[in-house]
Visitor: 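Sharing a structure, written as structure tokens. Questions coming.
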Amino acid sequence: MSLTAPPPAELCNEHVSIVRLHGEACFYCGAALGRLRPAGSNTTPVPGGTREWLLVACDEHRRGSTR
């Protein structure tokens, strides 16, 4: 994807819901209601390679991530 979200380690900790990393809620604020749009992806190492996680953002944070 052309957009890249900040690495999860910079925004996430053990208190952040996994739905943000699974693209079911805004990666930046956790909003799950309203329109969610693609906001890039992150990759994590897994046995045998890497796993790409597609991320989404609410309209407010999507506008901010494209500037």
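Just so it is clear, the structure is predicted and the values come from calculations on it, not from any experiment.
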Visitor: For Arg51, enumerate each residue passing the salt bridge (charged side-chain N to carboxylate O under 4.0 Å, His left out) test, keeping only those at least two apart in sequence or located in another chain.
Guide: none
Visitor: Would you name the heavy atoms of Glu52 and Ser41 that are closest together and state the gap between them?
Guide: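 Scanning both residues, the minimum pair turns out to be OE2-OG, 2.8 Å.
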Visitor: Report the distance from atom SG of Cys26 to atom CD of Glu60, rounding to the nearest 0.5 Å.
Guide: 8.5 Å
Visitor: Using a side-chain heavy atom cutoff under 4.5 Å and only I, L, V, M, F, W and Y, what cluster partners does Val56 have?
Guide: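 Result for Val56 is Leu36.
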Visitor: For the residue pair His61 and Cys29, what are the closest heavy atoms and their distance?
Guide: CE1-CB, 3.4 Å
Visitor: Any pair with a residue in residues 30-47 that passes salt bridge (Lys or Arg N to Asp or Glu O under 4.0 Å), sequence neighbours left out, goes on the list, sorted by first then second residue, please.
Guide: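 Residue pairs with at least one partner in residues 30-47: Arg37-Asp59.
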Visitor: Taking atom CG of Leu54 and atom NE2 of His22, what is their separation to the nearest 0.5 Å?
Guide: 11.5 Å
Visitor: Is there a path from Leu55 to Ile18 through hydrophobic residues (I, L, V, M, F, W, Y) whose side chains come within less than 4.5 Å of each other?
Guide: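 Looking at the clustering, Ile18 is in the same group as Leu55.
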